[in-house]
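Take a look at the structure below.
Residue numbers start at 1 and run along the sequence shown. These values consider heavy atoms only, across backbone and side chains, with no hydrogens, waters or symmetry-generated copies. Atoms within each ligand, like the ligands themselves, are counted from 1 in listed order.
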Amino acid sequence: MDQAPFASQWDIGDDDHPHEECGVVGVWGSSDAAALTALGLHALQHRGQEAAGIVSLAAQGQFHAHKGRGLVGDNFGDAAVIAALPGHAALGHNRYATTGETALRNVQPLYADFEFGGFAVAHNGNLTNAHVLKRALVRRGCLFQSTTDSEVFIHLIAISLYSTVMDRLIDALKQVQGAYSLVALHNGALIGARDPLGVRPLVLGKLATGGFVLASETCGLDIVGADFVRDVEPGEIVLIDDAGVRSVRPFARPSSPRFCIFEYIYFARPDSIVEGTPVYDTRKRIGAELARESGVEADVIVPVPDSGVPAAMGYASEAGVPFELGIIRNHYVGRTFIEPTDQIRNLGVKLKHSANRSMIEGKRVVLVDDSIVRGTTSRKIVEMVRQAGATEVHMRISSPPTTHSCFYGIDTPERSKLLAANHDVAEMARIIGADSLAFISLDGLYRALGREGRDPKAPAYCDACFTGDYAIALTDQGDPSERPLPLLQVANR
Ligand code: AMP
């Protein structure tokens, strides 16, 4: 994924801005490998809507590729495109959109020819030392073709002195820092890898016909009828070939893995199973905990759709107050979050949500959403609900305040743009225009996730966006002398 060099991922107003969330899929051992990969990507469309790509591996080690901007259906809906991706193995990637246009060369999977044959890689996550590595690699003569930090993997593999593909990959993984779930394909095998702390998700499934599937989430397995086998473990590499699945563990098992807590709150699809629990159930439990912590007298509980729906259901059932769809979402517009300017973003919110007046008028309304980032959505929604005749509007958020930027793969603006980094809850309530505002506590969130509460000495998740506890070094953020060479920035445009 593209790298957030030093400040905001959102502030880089050009093609080089980073894109962090993403979906990956890999299939081995099916004559329909490319079609299954396209279906898997379709189920993972929520993880990235900017671009999609598939690389397939045909007989005699021939690779085929198709990539394009836009949705999976736009690029792979045509049978002729799939037919041009022959082979028993394939790899796919969905790219996340923020602002601006994407150069096609940044669309994954990335592909390179090595002395050992072709190699394709697709990456979900964000490397935190990519610029330091890139600088060193460029000095050694490596010629970067894209501006994605994922290309670092390709060059590290290319210059590795080890002989086997696996040893070269391990050599590369030992040099990168950050969060990664990656799927790679070469002549002999499909490979899946998760970073040592397991920040980003990756699951393994089995097809009834005997082949295997790797996907960012279980919904990517369900769509192709693959049975869930297990999560790829933090720090594990799985190697899939005609002999089956082998596990390689180049890293020590972490005493405390740090899966991204925001996947539970917002990012994963609600029908996905994470750590053995449906995300949907978890979100309902978070909503119930929120109601216990900060219930308020109300006539109706209204979710901000779609992300607030399961939490609002949990809240309503715990509070014993009716749940109603008081806001209707138009599904034919993209996420408001991706709009480039405040003016357009405001317009985007109006395009996306409208008040269902009959459910709101004359009522005390509790609105439930998953997060407040800049506060743009909340401000607009509160105003809209008031205009529709609500007598009181209370906002309840199923995450703690987002006070810190994410450098591990969730697209968040720099701290100065995060509402909660600059205001206390009372000020935030005033800014968004709500009668009251409450966030779930960090302990409440951990309880809803089945933990006693948060143990600061051994947090079970990566919760840096709520705590500033960054478990993986932020090397690129550190020494200004390590900032990217100006030459690279120019060359990247
Ligand atoms: P904001 O309007 O800036 O406060 O953004 C908050 C809204 O954006 C919430 O309704 C979330 O559902 C959604 N959201 C939170 N994080 C992200 C993200 N990383 N990408 C896209 N949307 C997000």
Side-chain angles (χ1 to χ4, degrees), residues 1 4 8-11 17-23 45-50 94-99 124-126 179 200 260-270 279 283 286-287 302-312 327 329 333-353 367-385 395-423 425 428-429 431-434 437 439 462 464-466:
M1 296 304 315
S8 164
Q9 291 113 319
W10 297 42
D11 282 344
H17 66 281
H19 311 258
E20 316 299 339
E21 302 132 351
C22 282
Q45 189 75 80
H46 60 287
R47 298 186 73 88
Q49 303 94 42
E50 186 178 13
N94 276 340
R95 185 177 171 82
Y96 181 82
T98 49
T99 61
N124 168 213
N126 191 52
R200 303 257 72 86
C260 168
I261 208 161
F262 203 65
E263 291 270 352
Y264 280 109
I265 291 166
Y266 171 80
F267 211 58
R269 221 171 79 159
V279 171
R283 288 187 187 159
I286 296 172
V302 169
V304 178
D306 293 329
S307 49
V309 172
I327 299 167
R329 176 171 166 193
V333 289
R335 291 178 173 180
T336 56
F337 219 57
I338 69 177
E339 304 298 352
T341 65
D342 279 346
Q343 203 183 343
I344 301 293
R345 207 167 9 256
N346 295 347
L347 190 64
V349 170
K350 281 186 209 138
L351 287 171
K352 186 173 166 187
H353 294 116
L367 291 172
V368 181
D369 201 0
D370 64 279
S371 57
I372 293 181
V373 181
R374 285 184 273 208
T376 321
T377 308
S378 308
R379 199 163 33 220
K380 286 279 133 196
I381 296 270
V382 169
E383 187 189 339
M384 191 174 75
V385 168
M395 184 63 115
R396 295 293 178 267
I397 303 294
S398 66
S399 63
T402 302
T403 50
H404 291 75
S405 303
C406 177
F407 298 99
Y408 305 139
I410 298 288
D411 189 30
T412 41
E414 67 171 85
R415 279 199 84 193
S416 66
K417 300 231 168 83
L418 295 172
L419 200 64
N422 301 295
H423 303 280
V425 175
M428 290 172 79
I431 291 167
I432 67 168
L437 168 68
F439 296 80
C462 176
C465 49
F466 309 133

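The ligand atoms of ligand 1 that sit less than 4.0 angstrom from a heavy atom of Ser307 are 12 (O). When each atom of ligand 1 is checked for a heavy atom of Glu21 under 4.0 Å away, the hits are 18 (C), 19 (N), 20 (N). Here is the list of ligand 1 atoms found below 4.0 Å of a heavy atom in Gly375: 1 (P), 3 (O), 4 (O).
A search for side-chain contact (heavy atoms from CB on, under 4.5 Å) contacts involving Pro310 returns Tyr280, Arg283, Lys284, not counting sequence neighbours. Legend: residues meeting ring-ring contact (aromatic ring centres under 6.0 Å, His included) with Phe262, ordered by chain and number and at least two apart, are Tyr266.
If you look at Ser371 next to ligand 1, the close heavy atoms, those under 4.0 Å, come from the backbone and the side chain alike. With a 4.0 Å heavy-atom cut-off, ligand 1 is reached by the backbone of Thr376 and by its side chain too. Only the side chain of Tyr266 comes within 4.0 Å of ligand 1, counting heavy atoms alone; its backbone N, CA, C and O stay farther away. At a 4.0 Å heavy-atom cut-off, ligand 1 touches Ile410 through the side chain alone.
An N or O contact shorter than 3.5 Å is missing between Ile372 and ligand 1 by distance. Geometrically, ligand 1 and Val373 share a nitrogen or oxygen pair separated by less than 3.5 Å.
One finds no salt bridge joining Glu21 and Arg200 here, because no Lys/Arg side-chain nitrogen approaches an Asp/Glu carboxylate oxygen to under 4.0 Å.
Taking all heavy atoms of Val304, Asp369, Thr377 into account, the minimum distance to atom 10 (O) of ligand 1 is reached by Asp369. With distances taken over non-hydrogen atoms, the option nearest atom 1 (P) of ligand 1 out of Lys380, Lys352, Arg374 is Arg374.
In this structure, Tyr96 is part of the shell of residues with a heavy atom less than 4.0 angstrom from ligand 1. For the ligand labelled ligand 1, residue Thr412 lies outside the 4.0 Å heavy-atom shell.
Looking at Asp369, its side chain never comes within 3.5 Å of a backbone N or O of Ser307 through a donor-acceptor pair. In this structure, Arg47 contributes its side chain and Cys22 its backbone to a donor-acceptor pair below 3.5 Å. Of the possible polar contacts, none joining the Thr403 side chain to the Ala420 backbone as a donor-acceptor pair under 3.5 Å is found. One N or O on the side chain of Asn126 and one on the backbone of Phe407 form a donor-acceptor pair closer than 3.5 Å.
At a threshold of 4.5 Å between non-hydrogen side-chain atoms, the residues Ile327 and Pro303 do not count as touching.
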With side chain to side chain contact (heavy atoms under 4.5 Å, CB included) as the criterion, how do Ile372 and Leu437 come out once you've worked through the C-alpha distance, each side chain's angles and the decisive distance to 0.1 Å? CA-CA 11 Å; Ile372 293 181; Leu437 168 68; 3.9 Å; yes
